[in-house]
Structure formats: C-alpha cells, structure tokens
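Structure first, then comments.
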There are 2 protein chains.
Amino acid sequence: MAMRLSTKSRYGVRALFDIAYHSVGLPTQIKDISRRQQISPRYLEQIFQKLKKAGLLGSKRGPSGGYFLLREPSEITLGDIIRATEGPFELVFCVSENPRKICPRKDDCVASEMWTDISRKLGDFFDSISIAQLCEQAREVGVEREYNHPYTYHI
Amino acid sequence: MAMRLSTKSRYGVRALFDIAYHSVGLPTQIKDISRRQQISPRYLEQIFQKLKKAGLLGSKRGPSGGYFLLREPSEITLGDIIRATEGPFELVFCVSENPRKICPRKDDCVASEMWTDISRKLGDFFDSISIAQLCEQAREVGVEREYNHPYTYHI
DNA sequence: CCAGCTCCCGACCCTTCGACTCAGGACCCC
DNA sequence: GGGGTCCTGAGTCGAAGGGTCGGGAGCTGG
C-alpha cells in the first residue's frame with residue numbers, strides 16, 4: 001500500500017491517452033471518453049479543469065464542442081499530468097512550500113536532503129514517459145480504435 | 001502533494017539510521033531514539049513492531065534492553081524499510097494482490113502494464129539506497145555522535 | 001525473588017484526504 | 001432561443017493517516 005498514485009492522475013493519463021488515440025483532431029467530448037474509459041463523467045470534468053489550467057488541454061463549448069490536446073502527444077509526459085492533478089513531486093513535507101509543514105529539524109537532518117533528491121529523480125523519471133509512448137504500445141497490442149466522425153448518424 | 005511517503009516510512013528510516021549511527025552494538029532504547037529524533041515514543045513502538053516482523057530489527061526486554069539491527073547497515077535499504085512499514089510498491093491498485101481492487105479493464109488497459117513496470121523500477125531504486133550511505137553522509141556533514149555508554153553516570 | 005524497567009499487543013480516536021456527486025451558470029451553435 | 005456542452009464551487013461519505021492509551025509479558029539488578 002505504499003505511495004499510491006491518486007485516481008485523478010491515473011484517470012488523467014488514461015483520458016489524455018484516449019484523446020490522443022481516438023481523436024482525429026476534432027474536440028473529444030467527455031461523454032465519449034467517459035464511456036470508453038469507464039470513468040464517471042462528473043469526475044472527469046473536474047480532472048479536465050486541472051489539466052486545462054496546466055495548459056495541457058483546450059476546450060470548446062456548445063454542440064460539437066469538447067476537449068483537445070494543446071501539445072503533441074510526444075510532448076505530454078506523465079510528469080506533466082501528475083503535477084497537474086496532484087501538485088509537485090514531494091515525497092516528504094519537510095521541505096515543501098507549505099510553511100506549516102516544514103520540519104524544524106530540517107537543517108541537521110541528513111534524511112531531508114535525501115528525500116528532496118529522490119523526489120527530483122522521481123519527477124525526472126515520470127517526465128521521460130510520454131503519452132505518445134502509450135499510444136505506440138496500444139497500437140502494438142492492437143487496441144481497437146474508434147474514430148470520431150464529423151457527422152452524426154441518427155439511428 | 002503527489003505520492004507522499006507516510007510518516008511511518010520516514011520515521012522508520014530515521015530511527016534505523018539513528019541506531020546505526022549512535023549505537024556501539026548495545027541495544028538502543030526507544031526513549032533515546034525518541035529524544036534524539038523527536039518522534040513520539042508510543043508511535044515509534046508501533047513502527048518498530050513492523051520493522052521487527054520484517055526481520056530488520058531484533059529486541060531485548062527488561063532493564064538495559066532495547067532494539068538492535070539484525071543486518072549490517074549496508075544491507076538495509078530504504079526499499080526494505082518502506083515495504084516493511086507500508087507494504088509492497090504499487091503505484092496503482094489495478095494489479096494488486098487485493099482481489100477487491102483489481103481493475104476490471106486490466107486486460108485491455110495499456111496503462112496497467114505501464115504502472116506495474118514503473119512500480120518495479122521504483123522499488124529497485126529504493127533498494128539501491130542503504131542506511132550505510134545515510135551514515136556516510138551524516139559523517140561527512142559532521143552530525144554529532146552520541147555514544148551509548150555501557151555504564152550510567154548519576155549526577 | 002521481586003520491583004521496576006523495557007518491550008509487546010491490541011484497541012481506540014481524531015482529523016485529513018481521496019473520490020465522487022450535484023446544482024446551477026456560462027457559452028455556443030444551429 | 002433552446003438544447004447541448006463545458007465551467008464553477010460546494011457538499012458528502014468512507015477510508016486512511018497519524019497518533020494515543022491501558023494493560024500485559026519478559027528480563028535483570030539488587
């Protein structure tokens with residue numbers, strides 16, 4: 001049960017992957033992503049607002065509106081997504097920006113230096129993995145692709 | 001606020017470091033560690049039970065009892081400690097041992113494979129850092145050392 | 001041989017946080 | 001201008017984190 005990632009991060013990754021994989025450039029709507037990825041649409045909305053603020057997503061309202069990536073999939077990393085949904089990588093509070101949480105022993109604590117060091121490495125690691133890589137993998141495995149058609153068919 | 005480590009892990013690391021650094025082989029008592037590291041003794045007790053079960057610590061009761069390392073500091077890694085206090089490294093529930101938590105989409109989810117992969121790498125990374133390295137660093141920085149004397153001086 | 005020291009065990013408590021849900025407003029397009 | 005879509009902020013519920021406590025078990029020095 002150690003160091004779990006929040007669902008916001010996981011869903012965020014899956015959602016961005018979904019857009020990159022299924023979209024042909026048109027805005028993708030929450031209800032479609034929600035259906036394909038089995039994520040509550042209300043919750044997705046909330047997550048997407050964070051991703052927007054982080055500059056990863058753009059949006060358009062009204063009929064045939066939706067969300068779209070603001071960068072190439074190869075330029076969006078897991079690190080970006082996790083930082084957007086959960087904040088900066090800090091394994092430990094000791095040296096956080098939050099003044100309430102700073103450890104009073106910080107200065108003579110060898111551990112604190114180590115933790116910040118590790119946190120940085122962790123961030124670098126996540127920054128080395130892009131959404132494009134996930135798409136690549138999905139393609140190899142043969143995940144079915146669902147294209148967003150510009151026209152809607154009424155049955 | 002991403003992926004925070006629990007205090008159990010952090011305190012566990014500091015406590016084991018404390019024993020390795022200050023002890024001359026004699027059992028170290030909770031009250032001393034608690035004083036030097038500023039950790040609630042009651043809470044430390046709880047953590048030490050986990051470290052014992054994991055085979056990292058041994059103990060002796062009664063007067064002049066205490067806890068001692070069961071391995072060389074160079075053979076105790078951060079990974080060992082974190083696993084002992086928080087369980088296995090799993091960034092994500094999808095593929096955990098806990099059957100209740102397995103993600104139903106596991107099989108066709110490219111992400112799940114990625115998460116387990118990253119979890120493994122994370123564990124490997126923490127296993128590459130030992131308590132001995134922390135001691136080394138403390139020595140360099142010149143952290144004061146307090147020896148446990150076999151005899152008590154009454155003032 | 002026993003008093004007191006230390007570890008041992010399990011239950012308990014309180015606060016915070018994660019994971020959603022919801023009501024209603026703002027835009028947009030046809 | 002009406003229905004579809006995104007936007008905003010508040011509210012809820014349960015779980016988990018972080019810590020406390022009472023009392024028992026084993027040891028040992030006097």
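All heavy atoms count here, side chains included; hydrogens, waters and symmetry mates do not. Naming convention: chains lettered A, B, ... in sequence-line order (proteins, then strands); numbering from 1 in each chain. Small disclaimer: the values here were computed from a predicted structure and weren't measured.
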Quick one: which of [options] gets closest to the side chain of [X]?
X: B/Q46; options: C/dC8, D/dC7, C/dA11; value: C/dA11
X: B/E45; options: C/dC28, D/dG18, C/dC8; value: C/dC8
X: B/P63; options: D/dT5, D/dG26, C/dT21; value: D/dG26
X: A/I30; options: C/dC7, D/dG19, D/dC6; value: D/dC6
X: B/Y43; options: D/dT20, C/dA26, C/dC9; value: D/dT20
X: B/K52; options: D/dT5, C/dC8, C/dC7; value: C/dC8
X: A/T7; options: D/dG19, C/dC20, D/dC7; value: C/dC20
X: A/R61; options: C/dC27, C/dC20, D/dA25; value: C/dC27
X: B/K31; options: D/dG19, D/dC6, C/dT6; value: C/dT6

* Asked: Is any side-chain N or O of A/Y67 closer than 4.0 Å to OP1 or OP2 of D/dC7?
  -> yes

* Asked: Within the structure, does a side-chain N or O atom of B/Q29 lie under 4.0 Å from either OP1 or OP2 of C/dC5?
  ->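 B/Q29 to C/dC5 OP1/OP2: no side-chain N or O under 4.0 Å.
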
* A/F48 near the nucleic acid: base, sugar-phosphate alone, or nothing, with a heavy-atom cut-off under 4.0 Å? ->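 It contacts nothing in the nucleic acid.
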
How close or far is atom [atom2] of [N] from atom [atom1] of [X], stated in whole angstroms?
X: B/L51; N: C/dC8; atom1: CG; atom2: P; answer: 12 Å
X: A/Q37; N: C/dC20; atom1: CD; atom2: P; answer: 15 Å
X: A/R10; N: C/dA19; atom1: CZ; atom2: C1'; answer: 11 Å
X: A/I33; N: D/dT5; atom1: CD1; atom2: C1'; answer: 13 Å
X: A/F68; N: D/dC6; atom1: CZ; atom2: P; answer: 11 Å
X: B/K60; N: C/dC5; atom1: NZ; atom2: C1'; answer: 12 Å
X: A/L5; N: C/dA19; atom1: CG; atom2: P; answer: 9 Å
X: B/Q49; N: C/dC7; atom1: CD; atom2: C1'; answer: 7 Å

Answer yes or no: is there a side-chain heavy-atom contact under 4.5 Å between [X] and [Y]?
X: A/E86; Y: A/S9; answer: yes
X: B/M3; Y: A/F126; answer: yes
X: B/I81; Y: B/I131; answer: yes

* So, does the side chain of B/R42 form a donor-acceptor pair with the base of D/dG22 at under 3.5 Å? ->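 Such a pair exists between side chain and base.
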
* Judged by modelled atom types alone, do B/Y43 and B/S34 share a side-chain donor-acceptor pair under 3.5 Å? ->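 The criterion, which ignores hydrogens and geometry beyond distance, is not satisfied for B/S34 and B/Y43.
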
* Closest heavy-atom contact between B/L70 and B/G58? -> CG-N, 3.5 Å

* **First encountered from the 5' end of DNA chain C, between A/S6 and A/S64** => A/S6

* Asked: Is the backbone of A/A20 close enough, under 3.5 Å, to the side chain of A/S23 for a donor and an acceptor to pair up by distance?
  -> no

